[in-house]
Protein chains: 2
Amino acid sequence: MDTNDRPYSQILARLRDAGLRPTRQRLALGRLLFEAGDRHVTAESLHEQAVSAGASVSLATVYNTLHQFTKAGLLREVVVDSARTYFDTNTSDHHHFFHEEDGSLSDISGHAIEVTGLPEAPAGTDVARVDIVVRVRSSR
Amino acid sequence: MDTNDRPYSQILARLRDAGLRPTRQRLALGRLLFEAGDRHVTAESLHEQAVSAGASVSLATVYNTLHQFTKAGLLREVVVDSARTYFDTNTSDHHHFFHEEDGSLSDISGHAIEVTGLPEAPAGTDVARVDIVVRVRSSR
DNA sequence: ATTCTCTTTAGAAGAATTATAAACTATTGA
DNA sequence: TCAATAGTTTATAATTCTTCTAAAGAGAAT
Ligand SMILES: [Mn+2]
Ligand SMILES: [Mn+2]
Ligand SMILES: [Zn+2]
Ligand SMILES: [Zn+2]
């Protein structure tokens, strides 16, 4: 009943709502993902963090969990690099700065953004999403 | 001196300007890429097309050539799918519709597009490019 | 022609991701 | 409580895309 119970129970509730059993692994990954504000992770980076935080979880489970969380709407995928998949804990409408040099992402709120001049979607198709990626590099 | 000489010599000139020897393989790939209007290819798709057009070229050479052409400014990469790399013969400022179902791309001219509300690039960085991907799906 | 440099290629290797199937664990309900 | 059940984890193999290696081949220069 101390203040540390809240995060746990929030994550428990998220797992419950998603129909996922609150296993040791999912709780550990859920805490890493959702207790620290918005995050952009790859399977490898989250696995490393979990292991170095003392959680015993396999890379296969990290992949499974990221995909399950994504299907449950707790995460979304961000495509910015054809070499690896990023997962984003911010599921609201937003866009990204992508640092090509170190592979890091930062959010651009979707509220202020407006795109004008887009043609209609090709005949027979509907727009699923509009993604904007601003690729940046260190100046000098 | 017939009309078929023009495309060849255009591609020869492009290779020459890029400092690339006009080998049988580069000419064949260059013709497939540049004689048919704007194209979006993957290494695999271009290799298949080359082979079925009777050109004898290895997949490794297709990868090499796509990267060399990109470095020379004849192609650009488009990141829309974390599973494979697309190369685009349209090197002008433009954006894309991406059909997630069949992996096809189509161009959105950059001229008409305007994005408002973008924050400044993070401190110490410069914008290298802004990419807009409109993900579409078949309606119904 | 000879030589030099660049290019191609088969095959190995690398990296990210997914599949398999056996061991494990949470949940259920006797 | 305690099986029985269904869901989960994981080591390991497999897959896919891409890059590397090093030897053979081909264009360019002399
Ligand atoms: Mn995936
Ligand atoms: Mn590449
Ligand atoms: Zn984000
Ligand atoms: Zn294009």
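Everything quoted here is computed from the prediction, not taken from an experiment. Sequence lines set the chain letters: A, B, ... in the order given, protein chains first and strands last, and positions in each chain run from 1.
Protein atom NZ of A:Lys71 is 12 Å distant from nucleotide atom P of D:dG7, rounded to whole Å. Atom-to-atom, CG of B:Leu15 to P of D:dA28 comes out at 11 Å; the value is rounded to the nearest Å. One can place CG of B:Leu66 at 14 Å from C1' of D:dT19, the figure rounded to the nearest angstrom. Between the CG atom of B:Leu59 and the P atom of C:dA10 there is a distance of 10 Å, given to the nearest Å. In this structure, NE2 of B:His47 is placed 16 Å from C1' of D:dT16, rounded to the nearest angstrom. If you take CD of B:Gln68 and C1' of D:dT19, they are 13 Å apart, rounded to a whole angstrom. Atom CG in A:Asp81 sits about 14 Å away from atom C1' in C:dT17, given to the nearest Å. The interatomic distance linking A:Leu46 (CG) with C:dA16 (P) rounds to 15 Å, in whole Å.
Of the N and O atoms on the side chains of A:Arg31 and A:Gln10, not one donor lies less than 3.5 Å from an acceptor on the other residue. In summary, the side chains of A:Glu101 and A:Ser138 do present a donor paired with an acceptor at a separation below 3.5 Å, with no hydrogens or angles considered. The closest side-chain donor-acceptor pair between B:His96 and B:Asp131, if any, does not fall under 3.5 angstrom.
Here B:Thr23 reaches the OP1 or OP2 of C:dT8: one of its side-chain N or O atoms lies under 4.0 Å away. The phosphate of C:dT7 has neither OP1 nor OP2 within less than 4.0 Å of any side-chain N or O from B:Thr61. Between B:His67 and the phosphate of D:dT19, there is a side-chain N or O to OP1/OP2 separation shorter than 4.0 Å. When the side-chain nitrogen and oxygen atoms of A:Tyr63 are compared with OP1 and OP2 of C:dT18, none of them lie within a distance under 4.0 Å. Between D:dG27 and B:Arg26, no contact under 4.0 Å exists linking OP1 or OP2 to a side-chain N or O.
Residue-to-nucleotide proximity on DNA chain D shows that, of B:Arg24 and B:Ala60, the 5′-proximal contact is made by B:Ala60. For the pair B:Arg84 and A:Val57, nearest-nucleotide mapping onto DNA chain D gives the more 5' position to A:Val57. For A:Thr42 and B:Gln25, each mapped to the nucleotide of DNA chain C holding its nearest heavy atom, the one lying further toward the 5' end belongs to B:Gln25.
Taking each heavy atom of A:Leu12 and A:Pro22 in turn, the nearest pair found is CD2-CB, 3.4 Å.
A cation-pi arrangement, defined by a distance under 6.0 Å to the six-membered ring centre and an angle within 45 degrees of its axis, is absent between A:Arg76 and A:Phe87.
Taking every side-chain heavy atom of A:Asn64 into account, D:dT9 is the closest of D:dC17, C:dT17, D:dT9. Taking every side-chain heavy atom of A:Leu20 into account, D:dT8 is the closest of D:dA28, C:dT17, D:dT8. If you check C:dT17, D:dC17, C:dT9 against the side chain of B:Glu44, the one that comes closest is D:dC17.
A donor-acceptor contact under 3.5 Å is formed by the side chain of B:Arg21 with the base of C:dT5.
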